[in-house]
Asker: 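Structure in structure tokens, see below.
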Amino acid sequence: MKKWLKIILALAVIGIIAAFLVFKFYINKPHADIAAAKAEYTLSAADLWAQYTSGSAAASEKYNGKVVEIDGKLSSVENLADTTITLVFVMDADDMFGDKSIRCDMLPSWFAEAKTLQPGADVKVKGLVNGFDETDVKLSKCSTVK
């Protein structure tokens, strides 16, 4: 009987150690620093838009979850109660159903710089592509690039 008790105790200790290691290295891993990350793709906003609108499945497979750097003419800066600032590159103006655009949600550390940007300015932005919802290509954790 003591032999079975030792085996169960050893398995319990191994299980606790395994659970700790999974938590430490998998669940509790630090977030990627997108502002410091190297962009996997560099292209114009118009090119990114064209790829998503002509074949969104292929573009989704290629860009979703990747860091990209885009450049283009800024259409507007949306400031939602100082909790979210979004840079908008309008690609297809539509009065009836709303503009179709590339929307870049800025990192909080870049809010001050984003507020200084003027519509019509040429801007380079780097961020993580979240996908395309048939009206907007969405990027998150964005920062401007000099």
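Treat the numbers as computed from the prediction; the structure is a model and nothing was measured. Hydrogens, waters and symmetry mates are skipped; everything else that's a heavy atom, side chains included, is used.
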Asker: Hydrophobic clusters here meaning ILVMFWY residues chained together by side-chain heavy-atom distances under 4.5 Å, can you tell me if W110 and V68 are in one?
Answerer: yes

Asker: May I ask you to check whether D99 and S101 show a side-chain donor-acceptor distance below 3.5 Å?
Answerer: no

Asker: Any idea which heavy atoms bring T42 and A39 closest together, and the distance?
Answerer: OG1-CB, 4.3 Å

Asker: Between I8 and V13, is there shared hydrophobic-cluster membership here, with clusters defined by ILVMFWY side-chain heavy atoms closer than 4.5 Å?
Answerer: no

Asker: Show the numbers, then the answer: is there a side chain to side chain contact (heavy atoms under 4.5 Å, CB included) between W49 and S44?
Answerer: CA-CA 9 Å; W49 179 257; S44 71; over 6 Å; no

Asker: Side chains of C104 and I70, heavy atoms from C-beta outward: is any pair under 4.5 Å?
Answerer: yes

Asker: Can you tell me how far the NZ atom of K124 sits from the NZ atom of K146, to the nearest 0.5 Å?
Answerer: 12.0 Å

Asker: Donor-acceptor pair, distance only, cut-off 3.5 Å: does the side chain of T83 make one with the backbone of L80?
Answerer: yes

Asker: State, yes or no, whether a side-chain contact exists between K66 and L128 at a heavy-atom distance under 4.5 Å.
Answerer: no

Asker: State, yes or no, whether a side-chain contact exists between L117 and V123 at a heavy-atom distance under 4.5 Å.
Answerer: yes

Asker: Determine yes or no for a side-chain-to-main-chain donor-acceptor pair under 3.5 angstrom, with S75 supplying the side chain and F89 the backbone.
Answerer: no

Asker: Indicate the atoms forming the closest heavy-atom contact of G127 with C142, along with that distance.
Answerer: CA-SG, 3.8 Å

Asker: Grouping I, L, V, M, F, W and Y whenever their side-chain heavy atoms are under 4.5 Å apart, do I102 and L107 come out in a common cluster?
Answerer: yes

Asker: Hey, could you give me the CD1/NZ distance between I7 and K2, rounded to the nearest 0.5 Å?
Answerer: 14.5 Å

Asker: Is any side-chain heavy atom of L43 less than 4.5 Å from a side-chain heavy atom of Q51?
Answerer: yes

Asker: Against D105, only a single residue in T86, N130, T84 fulfils side-chain hydrogen bond (donor to acceptor under 3.5 Å, both in side chains); can you say which?
Answerer: T86

Asker: Excluding sequence neighbours, so at least two apart, what forms ring-ring contact (aromatic ring centres under 6.0 Å, His included) with Y63?
Answerer: Y41

Asker: Is it possible for you to say whether L87 and V90 belong to one hydrophobic cluster, with membership spreading through side-chain heavy-atom contacts below 4.5 Å?
Answerer: no

Asker: Side chains of V67 and K126, heavy atoms from C-beta outward: is any pair under 4.5 Å?
Answerer: yes

Asker: Are I14 and I17 connected in the hydrophobic side-chain network, where two residues link if heavy atoms are under 4.5 Å apart?
Answerer: no

Asker: Does a side-chain heavy-atom distance below 4.5 Å link N79 with K115?
Answerer: yes

Asker: Out of curiosity, E69 CD to L139 CG, how far, rounded to the nearest 0.5 Å?
Answerer: 11.5 Å

Asker: Can K73 and D122 be counted as an ion pair, charged N to O under 4.0 angstrom?
Answerer: yes

Asker: With a 4.5 Å limit on heavy-atom distance, are the side chains of L74 and V88 in contact?
Answerer: no

Asker: Can Y52 and L48 be said to form a side chain to side chain contact (heavy atoms under 4.5 Å, CB included), step by step?
Answerer: CA-CA 6 Å; Y52 268 101; L48 182 65; 3.7 Å; yes

Asker: Begin from the C-alpha positions of D136 and K100 and carry the test salt bridge (Lys or Arg N to Asp or Glu O under 4.0 Å) through to its verdict.
Answerer: CA-CA 6 Å; D136 297 319; K100 296 178 181 179; over 6 Å; no

Asker: Which heavy atom in N64 sits nearest to a heavy atom in G131, and how many Å separate them?
Answerer: OD1-CA, 3.4 Å

Asker: So do M106 and F111 actually touch side chain to side chain, heavy atoms under 4.5 Å?
Answerer: yes

